[in-house]
Amino acid sequence: MRVHLCVVGRLRAGPERDLIDDYFKRFDRTGRALSLGPVSVHEVEDRKGGGMAAEAVLLRKAIPNGATLCVLDERGRVESSPEFSKRLARWRDDGVQDLAFVIGGADGIDTALRSEADFALSFGQMVWPHMLVRVMLSEQLYRAASILAGSPYHRV
Ligand SMILES: C[S@@+](CC[C@H](N)C(=O)[O-])C[C@H]1O[C@@H](n2cnc3c(N)ncnc32)[C@H](O)[C@@H]1O
């Protein structure tokens, strides 16, 4: 199951990028034997000030046809890491070929695009900066793969 991160904004070189690259490298390595990954990042940017609607047009183009769509949204469902790992495994076992995660920009995700999602995942009711949400998601993907692989990374 290929994993796509469709996100608003370009992340410049720096600590967040290093963390994301590291977690995705680990996710790809751990996920290979589990039919999870590879992961690819699709960054979109609307330079014309078109807001969420314009960003949604660009995001839709970045989401592969037929992909299962999971939006990151503070109003979504909060899950434990083991629950999230089971969800990933279920999508994979159900034959999902492409799984796309969408993280919005400063204004959030367009309502219409949000309503098209198969699932809305929340990292709690607080609103986090989108670049941090990218880091958190990349870590949770690696953690989920580790849980499914039975490796000791997740210890709770
Ligand atoms: C700065 S937030 C935008 C918040 C915006 N005010 C809204 O109402 O949606 C940017 C993006 O980060 C993600 N995000 C922020 N906090 C989150 C949370 N607690 N759980 C999941 N995703 C979150 C969402 O994808 C959101 O669109």
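By convention here, the first residue in the shown sequence is residue 1. All of these numbers come straight from a predicted model, not from anything done at the bench. Counting convention: from 1, in listed order, for ligands and their atoms alike.
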Asker: Please tell me if the side chains of Ser138 and Gln140 come closer than 4.5 Å, counting only heavy atoms from C-beta onward.
Answerer: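 No - every pair of side-chain heavy atoms lies 4.5 Å or more apart.
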Asker: Which ligand 1 atoms are under 4.0 Å away from a heavy-atom of Met126?
Answerer: 16 (N), 18 (C), 19 (N)
Asker: Give the residue and atom name of whichever protein heavy atom lies nearest to atom 10 (C) of ligand 1, and the separation in Å to one decimal.
Answerer: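 Nearest neighbour among protein heavy atoms for atom 10 (C) of ligand 1, to 0.1 Å: Gly105 O, 3.0 Å.
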Asker: If you round to the nearest 0.5 Å, how far is CD1 of Ile20 from CG of Leu137?
Answerer: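 Going from CG on Leu137 over to CD1 on Ile20, the span is 9.0 Å.
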Asker: Which residue holds the protein heavy atom closest to atom 21 (C) of ligand 1, what is that atom called, and what is the gap in Å?
Answerer: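 For atom 21 (C) of ligand 1, the nearest protein heavy atom is Asp73 N, 3.3 Å.
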Asker: Heavy-atom contacts with Leu121 under 4.0 Å: which atoms of ligand 1 show up? List them by number with element.
Answerer: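 Listed by number with element: 21 (C).
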Asker: List ligand 1 atoms under 4.0 Å from Ile109, heavy atoms only on the residue side.
Answerer: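 Numbered from 1, ligand 1 contributes 25 (O), 27 (O).
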Asker: Could you tell me the separation between the CG atom of Leu99 and the CZ atom of Arg87, rounded to the nearest 0.5 Å?
Answerer: 10.5 Å
Asker: Counting from 1, what ligand 1 atoms have a heavy atom of Val127 closer than 4.0 Å?
Answerer: 1 (C), 2 (S), 4 (C), 16 (N)
Asker: May I ask you to check if ligand 1 and Trp128 share an N or O to N or O distance below 3.5 Å?
Answerer: yes
Asker: Return the residue, atom name and 0.1 Å-rounded distance of the protein heavy atom closest to atom 7 (C) of ligand 1.
Answerer: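 The answer is Glu74 OE2, 3.6 Å.
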Asker: With atoms numbered from 1 as shown, which atoms in ligand 1 lie under 4.0 angstrom from a non-hydrogen atom of Val133?
Answerer: 12 (O), 13 (C), 14 (N), 15 (C), 23 (C)
Asker: Just say parallel, tilted or perpendicular for the rings of Tyr142 and Tyr153, cut-offs at 30° and 60°.
Answerer: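 Geometry flag for Tyr153 against Tyr142: tilted rings.
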Asker: Considering residues, nucleotides and ligands other than Arg12, do more than 12 of their heavy atoms fall under 6.0 Å from its CZ?
Answerer: no
Asker: For the CD1 atom of Ile109 and the CE atom of Met52, what is their distance to the nearest 0.5 Å?
Answerer: 10.0 Å
Asker: Is the closest N or O pair between Leu72 and ligand 1 shorter than 3.5 Å?
Answerer: yes
Asker: If you measure from CG on Leu69 to NE2 on His4, what distance do you get to the nearest 0.5 Å?
Answerer: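 Separation between the atoms: 11.5 Å.
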Asker: Atom OG of Ser81 and atom CD of Glu83: how far apart are they, to the nearest 0.5 Å?
Answerer: 9.5 Å
Asker: For atom 26 (C) of ligand 1, what is the nearest protein heavy atom, given as residue, atom name and distance?
Answerer: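 Protein heavy atom with the smallest distance to atom 26 (C) of ligand 1: Gly104 N, 4.0 Å.
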Asker: Heavy-atom distances under 4.0 Å are what count here, so tell me which part of Arg75 touches ligand 1: side chain, backbone, both or neither.
Answerer: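 The side chain, only.
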Asker: I'd like to check which ligand 1 atoms, numbered from 1 as shown, lie under 4.0 Å from a non-hydrogen atom of Asp107.
Answerer: 5 (C), 7 (C)
Asker: Can you tell me which residue among Val3, Leu88, Thr68 is in a side-chain contact (heavy atoms from CB on, under 4.5 Å) with Val96?
Answerer: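 Checked Val3, Leu88, Thr68 against Val96; only one passes side-chain contact (heavy atoms from CB on, under 4.5 Å): Thr68.
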Asker: With a cut-off of 4.0 Å, which atoms of ligand 1 are near a heavy atom of His130?
Answerer: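 Atoms satisfying the 4.0 Å criterion: 10 (C), 11 (C), 12 (O).
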Asker: Measure the CE-CG distance between Met1 and Asp94 for me, rounded to the nearest 0.5 Å.
Answerer: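 Between atom CE of Met1 and atom CG of Asp94 there are 10.0 Å.
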Asker: How far is atom 6 (N) of ligand 1 from its nearest protein heavy atom, and which residue and atom is that?
Answerer: Ala106 O, 4.1 Å
Asker: Show me which atoms of ligand 1 lie under 4.0 Å from any heavy atom of Phe123.
Answerer: 18 (C), 19 (N), 20 (N), 21 (C)
